[in-house]
Amino acid sequence: IAANISCSPVASSTPTASITESEIEKHNSSAAKEESVRILFVESPDKIYLRRKSRDGDWEGMKSWIEEEALTAKPVDPKKGQTLLCRVGPNNWFRCVVKTVQDSSFKVKLIDVGKTVVVSVRDIRDISRKLKAKESLIDCFKLDVESPGSAWPASTLEKLREFLPEGEEVHVKELNGGSKDLVKRTLTADNPFDPPTLLTESVSSFLVDNGMALKTGTHQRTNFRSRMSANLW
């Protein structure tokens, strides 16, 4: 099971309404190296969990399998590191890995979402070997930015989650040089009588332009200049 998914750079975007024919033509001509994805969970700019829209059918099949197995799966006494089934909310079942155990509460990572949640023992069931072995359908992407400090501030994480809400459709765009970014697209119209304009926003630029992140390598260059300046004196 791919519970820990390696991350690679990205950026994404998604339209919120129908795009006019002219906008579609413009978009298609520039989107040859893009892939539509759906936001599952934003842990940080270094870990954004996505599922490719091309895998929606596979996920529907997996989800049905999980829900069907949960109906007859036996309760279990969870141990740290086990892969099991867990219920989140009224009746949403997921595959999970048990991260910590405390009395009758368990912190688990949802394998097919990337999110860590707390559940009770009554919401955990055993899992068949066949379902346990199925590959995860999610990808983890890392934006090509770095934190201005030693860790990402809570305010930055909150704003990024607002900018990329769970379930949002965005795009992974391949940039020159082989790097990737996430781009978000929305249709805007200043005047209801004018045709809408397709607004494309880079997620990396959103963080950098708002002072929440630095371009990758900025710290290294700054530290190098500081060392060189110190050596001159």
Side-chain angles (χ1 to χ4, degrees), residues 1-10 12 37-52 55-56 58-143 145-147 149-162 164-168 172 182 213:
I1 296 296
N4 295 318
I5 300 171
S6 59
C7 287
S8 58
V10 322
S12 105
V37 298
R38 195 174 304 281
I39 299 293
L40 299 178
F41 176 62
V42 175
E43 183 173 329
S44 74
D46 300 325
K47 291 184 179 181
I48 300 176
Y49 294 96
L50 313 167
R51 184 168 54 246
R52 302 173 191 176
R55 308 196 81 172
D56 279 354
D58 295 333
W59 168 240
E60 288 302 318
M62 171 87 77
K63 187 177 178 182
S64 296
W65 185 359
I66 291 171
E67 291 172 349
E68 184 177 347
E69 186 164 305
L71 292 174
T72 57
K74 296 179 180 179
V76 63
D77 183 19
K79 301 291 189 299
K80 183 177 179 180
Q82 278 188 303
T83 298
L84 300 165
L85 295 176
C86 73
R87 178 169 50 199
V88 180
N91 202 31
N92 295 316
W93 288 92
F94 298 90
R95 297 187 299 168
C96 71
V97 174
V98 180
K99 307 302 286 186
T100 62
V101 177
Q102 185 173 4
D103 299 327
S104 60
S105 294
F106 303 86
K107 185 178 287 187
V108 301
K109 184 157 189 175
L110 306 181
I111 292 170
D112 300 299
V113 178
K115 182 185 293 187
T116 298
V117 298
V118 175
V119 297
S120 66
V121 66
R122 67 176 179 272
D123 293 320
I124 296 182
R125 298 287 186 275
D126 201 0
I127 189 172
S128 68
R129 184 176 299 179
K130 192 172 182 180
L131 180 55
K132 177 181 176 180
K134 288 292 291 183
E135 176 191 9
S136 175
L137 300 175
I138 67 175
D139 296 299
C140 179
F141 287 95
K142 179 183 183 303
L143 293 173
V145 295
E146 58 188 20
S147 173
S150 58
W152 292 105
S155 58
T156 296
L157 302 182
E158 182 180 355
K159 289 177 182 176
L160 181 57
R161 287 167 186 157
E162 289 176 356
L164 292 176
E166 294 176 18
E168 176 111 340
V172 176
L182 286 175

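Residue indices begin at 1 and follow the sequence shown.
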What's the shortest heavy-atom distance between [X] and [Y], and which atoms?
X: K99; Y: K80; result: O-CE, 3.2 Å
X: Y49; Y: G114; result: CE1-O, 3.7 Å
X: V121; Y: P78; result: CG2-CD, 4.0 Å
X: V97; Y: G81; result: CG1-O, 4.1 Å
X: L110; Y: C96; result: CD2-CB, 4.2 Å

Verify, without hydrogens or angle tests, whether [X] (side chain) and [Y] (backbone) share a donor-acceptor contact under 3.5 angstrom.
X: S44; Y: K47; result: yes
X: R161; Y: V42; result: yes
X: E168; Y: P165; result: no
X: R51; Y: I138; result: no

Checklist line | side chain to side chain contact (heavy atoms under 4.5 Å, CB included) assessment of R38 paired with D56 | finding: CA-CA 9 Å; R38 195 174 304 281; D56 279 354; 3.9 Å; yes
Counterpart residues, side-chain contact (heavy atoms from CB on, under 4.5 Å), relative to [X] (two or more places apart):
X: T116; value: K107, K109
X: R87; value: N91, W93, D123, R125
X: E166; value: F41, K115

Check: Can you name the one residue among I124, V76, L131 that meets side chain to side chain contact (heavy atoms under 4.5 Å, CB included) with L85?
Finding: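 The side chain to side chain contact (heavy atoms under 4.5 Å, CB included) with L85 is passed solely by L131 among I124, V76, L131.
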Please report the interatomic distance [atom1]([X]) to [atom2]([Y]), rounded to the nearest 0.5 Å.
X: I48; Y: D139; atom1: CD1; atom2: CG; value: 12.5 Å
X: D77; Y: F106; atom1: CG; atom2: CZ; value: 6.0 Å
X: L40; Y: L50; atom1: CG; atom2: CG; value: 6.5 Å
X: K63; Y: N92; atom1: NZ; atom2: CG; value: 6.5 Å
X: T72; Y: D126; atom1: OG1; atom2: CG; value: 10.5 Å
X: D46; Y: E43; atom1: CG; atom2: CD; value: 9.0 Å

Side-chain heavy atoms of [X] within contact of [Y], under 4.5 Å:
X: I66; Y: D112; answer: yes
X: K79; Y: V98; answer: no
X: F94; Y: V117; answer: no

Check: Is it the case that more than 12 heavy atoms not belonging to E67 sit under 6.0 Å from its CD atom?
Finding: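 Count over threshold, so yes.
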